[in-house]
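Computed from a prediction, not measured in an experiment: that's the story for all the values here. Here is how names work: the chains are called A, B, and so on, in the same order as the sequence lines, proteins then strands, and each is numbered from 1. Because only heavy atoms are used, hydrogens play no part in the values below, and waters and symmetry mates are left out as well, while side chains stay in.
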Number of protein chains: 2
Amino acid sequence: MKPQFENPVCDECRSRLGNVFCALTTAQVSEMDSEKNCSIYKKGQIIFNEGNKPAGVYCVNKGKIKIYQTGEEGKEQILRLAKEGDVLGYRSLISGEAYSGTAAVMEDATVCFIPKRTFFDFLHTNADLSTQMMQLLSHDLKEAEARLTGLAQKPVRERMAEALLMLLEFYGTDKEGAINAVISREDIANIVGTATETTIRILSDFKGEKLIDLIGKKIKVNNHQGLIKTAHIYD
Amino acid sequence: MKPQFENPVCDECRSRLGNVFCALTTAQVSEMDSEKNCSIYKKGQIIFNEGNKPAGVYCVNKGKIKIYQTGEEGKEQILRLAKEGDVLGYRSLISGEAYSGTAAVMEDATVCFIPKRTFFDFLHTNADLSTQMMQLLSHDLKEAEARLTGLAQKPVRERMAEALLMLLEFYGTDKEGAINAVISREDIANIVGTATETTIRILSDFKGEKLIDLIGKKIKVNNHQGLIKTAHIYD
DNA sequence: ACTTTACAATGATTTCAATCATATAAAAAT
DNA sequence: ATTTTTATATGATTGAAATCATTGTAAAGT
């Protein structure tokens, strides 16, 4: 039996490369279709909050989301970004703990919720999905460890160059060739792990060095190779 | 058929709480016994090297091991510590990449090697082990993210207090009540993400504040609550 | 259009921690 | 035992980046 309402956005999701749910069987896909619950979130809204117990996982259909931890004086450290096709909230669900971070919407988003029961049912019956999840977690862990080392050893300037390259890679470019995301200087600072003023200064430096262009809020990478050199990435 | 040589150390390993291999069936345990390969490593020896392709996972029977990444000027960033019962090298093996870190022996160790084929065979046929591995990876990821935020937001002093509490928790205490590990100031610095001199100074400060005692190379935590307060941990 | 609010840009100052420099103590090697 | 090496300790100096302070600019609300 088909679900009452088809959701073409979710079909899109499944077809996207890299989403763990590609491992689902046809039967599981239709089960997910009937169990999932899609919602629309506006910019600034919270999808889940640090400290809350997860009730399932989220799959992003559309929009841009940041996952961050809040430090002592309310300063955010952005741990990860998510866009269409990305899955959210699996780490806490799997380890059975409260969320260790908060997910907030940066650009209006459509997000599907898959209940815990359904997700674990899939995990237990589908070895491919388990493998996918392990690989996803392994990838996340590698990323986190690399950032950890960078944060401990690299100066802000290098980390900033690295972050810009990451943002370019992650969001791609719009028709003007700028990074396809409207992201505040404060958010960039909270990715890099620095102060907002420092971010503004370094971006301004990079502009002066013709590495980037600042078009309104948007950032255009002019000299990709130059940024790589600045980031001290040689591999 | 029983393996030619029993290894009581491995039995010990399996009985230890927290080891993912607890999920193995009796048949798998004996398969592992016949496939595994135990070696003795001396202090300073390398178990695996950043950049090399993993051929299996390692299980520590005895000894103390550090996993670190090497930064630009050869500075180590310690990502994780391992002691008896801990498993090593699964992250890279699962994601099918080269090791992102180096494992070096801090105190003489006995380590078993389980070949890739055997490990993946277990993973594919034992759902419990898959679950265990997912939980282990999730835990590692949580740790790494928490450290990331700390590194970005907390001053060295707080991170140092946190690191001492972690070392105490991880290694426990010896008969004198000191942290049960001989760990150099440089290694502590490479855990905290600071300079060796800064580590020495802060440890000396902590001693002055009666938070810790320095008995030779060993560190004894005198005022646990004080360290928690210094680390700004309130949960 | 105007007011309010939020974000970006820049300058001035301070501070935390790295680096440089040297001394002392403990291991390791001869 | 004595030299060499390695680790710890402490002082002096520098420097990168945070913080404080102010102005400019764009966006949102009235």
Side-chain angles (χ1 to χ4, degrees), chain A residues 42-44 66 71-77 104 106-108 150-164 178-179 181-209 212-220 230 232, chain B residues 42-44 66 71-77 104 106-108 150-163 178 181-208 212-219 230 232:
Chain A
K42 288 271 161 199
K43 181 179 173 173
K66 59 176 173 181
E72 314 227 20
E73 299 90 27
K75 193 175 158 66
E76 295 176 5
Q77 177 59 43
M106 298 170 76
E107 284 181 31
D108 293 6
L151 210 43
Q153 301 196 349
K154 292 187 176 186
V156 182
R157 219 184 110 89
E158 291 183 26
R159 271 146 51 206
M160 183 65 66
E162 218 163 33
L164 291 178
I179 292 171
V182 179
I183 188 166
S184 70
R185 302 295 140 104
E186 191 180 2
D187 276 343
I188 296 177
N190 294 339
I191 290 168
V192 173
T194 187
T196 308
E197 296 95 320
T198 305
T199 297
I200 292 168
R201 271 182 251 269
I202 293 177
L203 287 180
S204 172
D205 289 349
F206 284 176
K207 189 185 175 177
E209 297 164 36
I212 60 171
D213 262 341
L214 300 175
I215 311 152
K217 260 196 184 188
K218 288 217 169 180
I219 297 168
K220 184 178 173 180
T230 304
H232 282 207
Chain B
K42 288 270 160 200
K43 180 178 173 173
K66 60 178 173 180
E72 313 226 18
E73 298 91 26
K75 193 175 158 64
E76 296 176 4
Q77 176 59 42
M106 298 170 76
E107 284 181 30
D108 295 5
L151 209 43
Q153 301 196 348
K154 293 188 176 184
V156 183
R157 220 183 110 89
E158 292 183 26
R159 271 147 49 207
M160 183 65 67
E162 218 163 34
V182 179
I183 189 166
S184 70
R185 304 294 140 103
E186 191 179 1
D187 276 342
I188 296 176
N190 293 338
I191 290 168
V192 173
T194 188
T196 308
E197 295 94 319
T198 304
T199 297
I200 291 168
R201 270 183 251 269
I202 293 177
L203 287 181
S204 170
D205 289 351
F206 284 177
K207 188 185 175 179
I212 59 171
D213 262 341
L214 300 175
I215 311 151
K217 261 195 181 188
K218 287 216 168 180
I219 298 167
T230 305
H232 282 206

Can you tell me the distance, in whole Å, between the [atom1] atom of [X] and the [atom2] atom of [N]?
| X | N | atom1 | atom2 | value |
| --- | --- | --- | --- | --- |
| A/Arg159 | D/dA18 | CZ | C1' | 12 Å |
| B/Lys154 | D/dA18 | NZ | C1' | 18 Å |
| A/Met160 | D/dA18 | CE | P | 9 Å |
| A/Ile200 | D/dT23 | CD1 | P | 17 Å |
| A/Ile202 | D/dA16 | CD1 | C1' | 10 Å |
| A/Leu203 | C/dT10 | CG | C1' | 14 Å |
| B/Lys217 | D/dA9 | NZ | C1' | 14 Å |
| B/Arg185 | C/dT24 | CZ | P | 19 Å |

Is the distance from OP1 or OP2 of [N] to the nearest side-chain N or O of [X] less than 4.0 Å?
| X | N | result |
| --- | --- | --- |
| B/Thr198 | C/dA18 | yes |
| B/Thr196 | D/dT8 | no |
| B/Arg201 | C/dA17 | no |

> For the side chain of A/Glu197, counting heavy atoms from C-beta on, which of D/dT8, D/dT19, D/dT10 is nearest?
Replying inline: D/dT19
> Choosing from D/dA17, C/dA17, C/dT10, which nucleotide comes nearest the side chain of A/Pro155?
Replying inline: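 Among the listed nucleotides, the one closest to the side chain of A/Pro155 is D/dA17.
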> Got a salt bridge between A/Asp187 and A/Lys66, using NZ or NE/NH1/NH2 to carboxylate O under 4.0 Å?
Replying inline: yes
> Is any side-chain N of the basic residue among A/Glu162 and A/Lys154 closer than 4.0 Å to the acidic one's carboxylate O?
Replying inline: yes
>> Could you check whether any side-chain N or O of B/Arg159 sits under 3.5 Å from a backbone N or O of B/Val192, counting only pairs where one atom can act as donor and the other as acceptor?
In response: yes
> With distance as the sole test, does B/Asp108 use its side chain to make a donor-acceptor pair with the main-chain N or O of B/Lys43 at under 3.5 Å?
Replying inline: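 Side chain of B/Asp108 to backbone of B/Lys43: a pair is present.
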